[in-house]
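Here is the structure we will look at, set down as C-alpha cells.
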Amino acid sequence: MKQKTVLLVILCMIFLTACGSRSESVTVTEASPWPSHAPGATPYVRLEIENNEMPASEDTQNTADQYESYEDFINSIYATEGDLYAKKWELAMFKEELPQDEPYSFAVHTNAMLTGSDTSDDHIALAKKFAELGCEAKVKEMRSVEDGKEYIAWVTVITTTPSHLWEISSSLGEELHIEQLYKSVDIRFDTVIWPEE
C-alpha cells in the first residue's frame, strides 16, 4: 500500500509540474524565428471535389451570410500587400513583429496550388520567378502511401527578408498566398527537387 501511495504522489507531482503557467510574451529566437503565439502547422489537405466546388459547412454559410458579398467575407479574413495576400494576423506579424532585415522562410502558393491542381513544374516555375527577384527559392516534395495509393505534394519555399518581400510584392504578376514556413510542413516535405543538388 505504501508503494502505491508513493507512486501516486510522484505521478501527481509530475502532472502538476507539466501544468505550469505559460508566458504569453512574444519570443523570436534563431532556433524558432516565429513569434511564440504563432499557431502550429495547419497543413492544407487536398480534397477531390467535383467541379472544384468546396462544400460550405453550416457555420461557414452562416458567417458568410453576415457579409454583403463573398468578396467582403474574404476581405474580413485576408489582407494584401501588393500581389501577396495572407491571413490578416499573419501579415501583420510579418510587417510589425519580425525584424525587417533578417531573412525568414515563407511558403508561397498560387491559387491553383491551394485547390490542389498543381504540378511540380508549376512549383519550379514559381520558385524560379522568386529566384530571379533575388530570393533564395526551392521546391520541396512529400510522398506518402495511403491505402496502397501513392500521393505526392509539393511546396514552394522562399527565403528573404520581409523588407525585400515588400519591395517585390507589386511585381509578381499574379495573386500569391504567403504564409510562414511551419516547422512540421518543412519536416514533412523532406526532399528538395529544385534546384537539383
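Annotation for Ser169 and Leu172: closest pair O-CD1, 3.9 Å, computed over non-hydrogen atoms. Taking all atoms of both residues into account, the shortest heavy-atom contact from Ala131 to Trp194 is CB-CH2, 4.3 Å. Ala137 and Pro195 get closest at one heavy-atom pair: O-CD, 3.6 Å. Between Phe94 and Pro162 the shortest heavy-atom distance is O-CB, 4.0 Å. Minimum interatomic distance between Ser117 and Asp122 (heavy atoms only, all atoms of both residues): O-OD2, 4.1 Å.
Side-chain atoms of Ile168 and Phe130, non-hydrogen and from C-beta on, do get closer than 4.5 Å to each other. Here the side chains of Ile178 and Leu165 are in contact, with some heavy-atom distance below 4.5 Å. Contact check for Leu126 versus Ile158: no side-chain heavy atoms found under the 4.5 Å cut-off. Here the side chains of Met142 and Tyr151 are not in contact, with every heavy-atom distance at 4.5 Å or above. Side chains of Glu136 and Val157 form no contact here, defined as non-hydrogen atoms less than 4.5 Å apart. A 4.5 Å side-chain heavy-atom check between Val139 and Ile193 finds at least one atom pair inside the cut-off. Looking at heavy atoms from C-beta onward, Lys87 lies in side-chain contact with Tyr78 at the 4.5 angstrom threshold.
Taken to the nearest 0.5 Å, the NZ atom of Lys183 stands 11.5 Å off from the CG atom of Leu181. Between Thr80 atom OG1 and Leu91 atom CG the span is 8.0 Å, to the nearest 0.5 Å. Between the OG1 atom in Thr159 and the CZ atom in Phe106 there is a gap of 8.5 Å [rounded to 0.5 Å]. To the nearest 0.5 Å, atoms OG (Ser105) and OH (Tyr182) are separated by 14.0 Å. Residue Met113 holds its CE atom at 8.0 Å from CG of Leu176, rounded to the nearest 0.5 Å. Note that NZ of Lys129 and OG of Ser171 are 9.0 Å apart. Values are rounded to the nearest 0.5 Å.
Aromatic ring orientation, Tyr70 versus Phe73: tilted (interplanar angle from 30° to 60°).
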task = Using the side-chain contact (heavy atoms from CB on, under 4.5 Å) rule, take Asn111 and Tyr85 through it: C-alpha gap first, then chi angles, then the decisive distance, then the call.
result = CA-CA 11 Å; Asn111 291 331; Tyr85 70 96; 2.6 Å; yes
query = When you look at Lys140 and Val192, which way does the side-chain contact (heavy atoms from CB on, under 4.5 Å) test go after all the steps?
reply = CA-CA 4 Å; Lys140 297 184 76 179; Val192 175; 4.1 Å; yes
request  = Begin with the C-alpha distance, continue with both residues' side-chain angles, and end with the deciding distance and a verdict on side-chain contact (heavy atoms from CB on, under 4.5 Å) for Gln100 and Trp166.
outcome  = CA-CA 10 Å; Gln100 296 297 289; Trp166 314 140; 2.8 Å; yes
ask   = For Thr110 and Asp118, what are the C-alpha separation, side-chain angles and deciding distance, and is it a side-chain contact (heavy atoms from CB on, under 4.5 Å)?
value = CA-CA 9 Å; Thr110 64; Asp118 56 331; 5.8 Å; no
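The residues Glu150 and Arg143 are annotated as salt-bridged, a charged nitrogen and a carboxylate oxygen being separated by less than 4.0 angstrom.
The backbone N or O of Ala127 lies less than 3.5 Å from no partner atom in the side chain of Thr156, so there is not a single donor-acceptor pair. At distances below 3.5 Å, at least one donor-acceptor pair connects side-chain atoms of Asp83 with backbone N or O atoms of Gly173. Between the side chain of His164 and the backbone N or O of Leu133 there is at least one donor-acceptor pair closer than 3.5 Å.
Heavy-atom neighbours of Glu71 CD from other residues, nucleotides or ligands within 6.0 Å: at or below the threshold of 12.
With sequence neighbours left out, the side chain to side chain donor-acceptor pair (under 3.5 Å) criterion links Lys138 to no other residue.
Thr161 and Asp101 are not linked by any side-chain donor-acceptor pair at a separation below 3.5 angstrom, with hydrogens and angles left out of the test. No side-chain donor from either of Glu141 and His123 sits under 3.5 Å from a side-chain acceptor of the other.
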